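One structure below.
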Amino acid sequence: MQYSTTEFETLYIKCFPPAMRLAMSLLHEEDEARDVVHEVFLKLWEADVKVDNPSAYILRAVRNTSLSRIRKLDVREKVRLKLMWEILPDDFDYECRNEEVKTAVERLLTSREQQVVEKIYTDGLSYKDAAASLGVSVAAVNKNIVGALKKLRTHFKTGKS
């Protein structure tokens, strides 16, 4: 610990509001944002060195920690967000819905769209990594994802292809 209690309190009072705004803008959930900000302040408090620009460090760390949490979202949550499903009841049959989604993916999407969807949502790759894996550009991955999700949204909203 390199900061005195007074220095750290002053830093906390100064940096907490912008750090919370940043975390909220990325995570859209107050409890999660508060956890991230507190985690960053705790790491700074426990650090063995004094950071040259603590305000910049805190904001960068909040950004990185928030993005890391977003990346770790479970695949089902990512798919739910992408398909914009309504809030599902507690007794919702996920296995049945997974089968419906698999069937729709196989029936409605081109083979390239299927490959891209698998790389992004099953393997959890970034667009850049998926593009490298498939030997295509990031723009091609984006185009395929947009097309695939549009087809799937239409299918699940209307029941038609």
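The shown structure was predicted, so the numbers you read here are calculated from the model rather than taken from an experiment.
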* **Hphob cluster co-occupancy, I70 + M24, side-chain heavy atoms under 4.5 angstrom** => yes
* Give the cluster check for V116 versus V138: same hydrophobic cluster or not, with ILVMFWY residues linked at side-chain heavy-atom distances below 4.5 Å. => yes
* To do: Could you note down all residue pairs passing side-chain hydrogen bond (donor to acceptor under 3.5 Å, both in side chains) where residues 52-63 supplies at least one of them, sequence neighbours left out?
  => K14-S55
* Is E7 atom CD crowded by more than 12 heavy atoms from other residues, nucleotides or ligands, each under 6.0 Å away? -> yes
* Asked: Rounded to the nearest 0.5 Å, how far does OG1 of T122 lie from CD of Q114?
  -> 11.0 Å
* Asked: With a 4.5 Å limit on heavy-atom distance, are the side chains of L44 and L11 in contact?
  -> yes
* Establish whether L149 and I120 are linked, either directly or via other cluster members, by ILVMFWY side-chain heavy-atom contacts under 4.5 Å. => yes
* Structure fact -> Taken to the nearest 0.5 Å, the spacing of S137 OG from Y127 OH works out to 12.5 Å
* Locate the shortest heavy-atom distance separating S133 from L125; write the atom from each residue and the value. => CB-CD1, 4.4 Å
* When the ring planes of H38 and F16 are compared, do they come out parallel, tilted or perpendicular, using 30° and 60° as the limits? -> perpendicular
* **Atom of V117, atom of A148 and distance for their closest heavy-atom approach** => CG2-CB, 3.8 Å
* Would E118 and V105 count as a side-chain contact (heavy atoms from CB on, under 4.5 Å) if you check the C-alpha gap in whole Å, the side-chain angles of each, and the deciding distance to 0.1 Å? -> CA-CA 10 Å; E118 181 179 343; V105 165; over 6 Å; no
* Asked: Rounded to the nearest 0.5 Å, how far apart are OG1 of T110 and CG of N144?
  -> 6.0 Å
* Residues in salt bridge (charged side-chain N to carboxylate O under 4.0 Å, His left out) with E39, at least two apart? -> K43, R69
* **Least distance between heavy atoms, C15 atom then F41 atom** => CB-CZ, 3.9 Å
* **Qualifying residue, where the test is side chain to side chain contact (heavy atoms under 4.5 Å, CB included) with H155 and the options are T103, L108, V101** => L108
* Which pair of non-hydrogen atoms, one from V37 and one from A23, has the smallest distance, and what is that distance? -> CG2-CB, 4.0 Å
* To do: Just jot down the side-chain contact (heavy atoms from CB on, under 4.5 Å) partners of S25, sequence neighbours excluded, or say none.
  => L22
* In terms of hydrophobic clusters joined by side-chain contacts under 4.5 Å, are L67 and I58 together? -> yes
* Mind checking whether R112 and V136 have side chains closer than 4.5 Å, heavy atoms only? -> yes
* Is it possible for you to say whether V36 and W45 belong to one hydrophobic cluster, with membership spreading through side-chain heavy-atom contacts below 4.5 Å? => yes
* To do: Keeping the roles fixed (side chain from S68, backbone from N64), state whether a donor-acceptor pair exists under 3.5 Å.
  => no
* Structure fact -> Result for salt bridge (charged side-chain N to carboxylate O under 4.0 Å, His left out) between E113 and one of K143, R107, K151 points to K151
* Structure fact -> Rounding to 0.5 Å, atoms NE2 (H28) and OG (S66) come to a distance of 10.0 Å
